[in-house]
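Below is one structure, written out as structure tokens; the observations come after it.
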Amino acid sequence: MIYAVYTRSRPQDTDCKADGEQYRRCLAFAARYRLGSSLPHYSDTLVLSADGEVKGLQNLFDDIRSGQIQGILVEDVSFLGETAARLVRVMDFFAIHKTRILVVKETVPCPKK
């Protein structure tokens with residue numbers, strides 16, 4: 001099974017440091033569970049190649065459709081959809097294509113006082 005990592009920075013993270021940190025944590029998770037040591041990386045906020053190409057969620061969908069990717073590692077499931085409706089559509093896509101989703105860390109936002 002070939003896994004990929006999907007990361008996404010928050011809008012306030014202008015230099016996209018969070019993408020790199022998420023990728024490293026996902027790689028550590030993959031190593032711990034023997035899922036691979038060099039996984040393809042997809043992000044809608046991080047330039048991933050020298051020519052400035054961004055391999056985003058749509059590219060991930062295309063690679064899943066073509067059978068290149070069978071599983072995805074994501075640090076937080078909320079990165080897959082800005083709204084609940086979009087998240088449901090993304091999860092339905094993964095279910096239809098029998099794509100395994102492994103969430104490295106699930107976070108719950110604390111209420112503000």
Side-chain angles (χ1 to χ4, degrees):
M1 179 172 281
I2 298 171
Y3 284 90
V5 174
Y6 180 77
T7 64
R8 184 180 203 124
S9 291
R10 301 290 184 197
Q12 61 271 22
D13 185 10
T14 55
D15 57 359
C16 297
K17 283 184 185 174
D19 280 283
E21 292 169 10
Q22 292 167 42
Y23 186 67
R24 283 188 292 281
R25 285 191 286 268
C26 287
L27 284 183
F29 180 91
R32 187 168 46 250
Y33 294 100
R34 294 185 173 100
L35 304 175
S37 58
S38 177
L39 305 178
H41 186 184
Y42 297 82
S43 170
D44 284 307
T45 54
L46 182 66
V47 175
L48 296 169
S49 67
D51 63 359
E53 178 190 7
V54 176
K55 288 174 49 178
L57 194 56
Q58 191 58 50
N59 297 105
L60 177 61
F61 291 160
D62 293 343
D63 290 348
I64 288 170
R65 276 188 205 98
S66 70
Q68 295 177 38
I69 303 294
Q70 294 87 34
I72 179 171
L73 290 167
V74 64
E75 187 172 88
D76 189 324
V77 74
S78 69
F79 296 147
L80 296 170
E82 294 86 17
T83 65
R86 178 176 169 174
L87 180 58
V88 168
R89 287 193 307 271
V90 169
M91 298 304 250
D92 285 345
F93 173 86
F94 290 146
I96 289 166
H97 291 84
K98 296 180 173 57
T99 305
R100 182 174 287 183
I101 305 164
L102 299 176
V103 180
V104 174
K105 175 181 82 173
E106 187 61 49
T107 56
V108 178
C110 297
K112 297 187 185 212
K113 293 182 180 184

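Worth knowing before you read on, the calculation uses all heavy atoms, side chains too, and leaves out hydrogens, waters and symmetry mates.
For Thr83, there are no side-chain hydrogen bond (donor to acceptor under 3.5 Å, both in side chains) partners at least two apart in sequence or on another chain. By the salt bridge (Lys or Arg N to Asp or Glu O under 4.0 Å) test, Asp44 is found to be paired with Arg8, residues two or more places apart in sequence or in another chain being considered. Under the ring-ring contact (aromatic ring centres under 6.0 Å, His included) criterion, Phe29 pairs with Tyr33, not counting sequence neighbours. Tyr3 is linked by a ring-ring contact (aromatic ring centres under 6.0 Å, His included) to nothing, counting only residues two or more places apart in sequence or in another chain. Partners of Tyr23 by ring-ring contact (aromatic ring centres under 6.0 Å, His included), not counting sequence neighbours, listed by chain and number: His41.
Here ring-ring contact (aromatic ring centres under 6.0 Å, His included) pairs that include residues 58-77, with residues two or more places apart or in two chains, are Phe61-Phe93.
Across all non-hydrogen atoms, the minimal contact from Ile2 to Gln70 is N-OE1, 2.7 Å. The two atoms that bring Leu60 and Ala4 nearest to each other are CD1-CB, 4.2 Å, heavy atoms only. Taking every heavy atom of both residues into account, Arg25 and Val104 meet most closely at O-CG1, 4.2 Å. Closest of all the heavy-atom pairs between Val90 and Leu80 is CG2-O, 3.5 Å. Closest non-hydrogen pair, Leu73 versus Ala30, comes out as CD1-CB, 3.8 Å. Residue Ile64 comes nearest to Thr99 through the heavy atom pair CG2-OG1, 3.3 Å, listed as atom of the first residue, atom of the second, then distance.
Side chains of Met91 and Val77 form a contact here, defined as non-hydrogen atoms less than 4.5 Å apart. Contact annotation: the side chain of Pro40 approaches that of Ile69 to within less than 4.5 Å [non-hydrogen atoms, C-beta and beyond].
A distance of 8.5 Å separates CG in Asp19 from OH in Tyr6, rounded to the nearest 0.5 Å. Remark: Leu35 CG to Arg100 CZ distance equals 8.5 Å, nearest 0.5 Å.
Side chain of Asn59 to main chain of Gly56: a donor-acceptor pair is present (N/O by atom type, distance under 3.5 Å, no hydrogens or angles). Of the possible donor and acceptor atoms, none in the side chain of Glu75 sits under 3.5 Å from a partner among the backbone N and O of Lys105.
A salt bridge is defined here as a Lys NZ or Arg NE, NH1 or NH2 lying under 4.0 Å from an Asp or Glu carboxylate O, and Asp62 with Arg65 meets this definition.
Within 6.0 Å of CZ on Arg32 lie more than 12 heavy atoms contributed by other residues, nucleotides or ligands.
Transitive grouping of hydrophobic side chains (ILVMFWY, heavy atoms separated by less than 4.5 Å) keeps Leu87 and Ile96 in distinct clusters.
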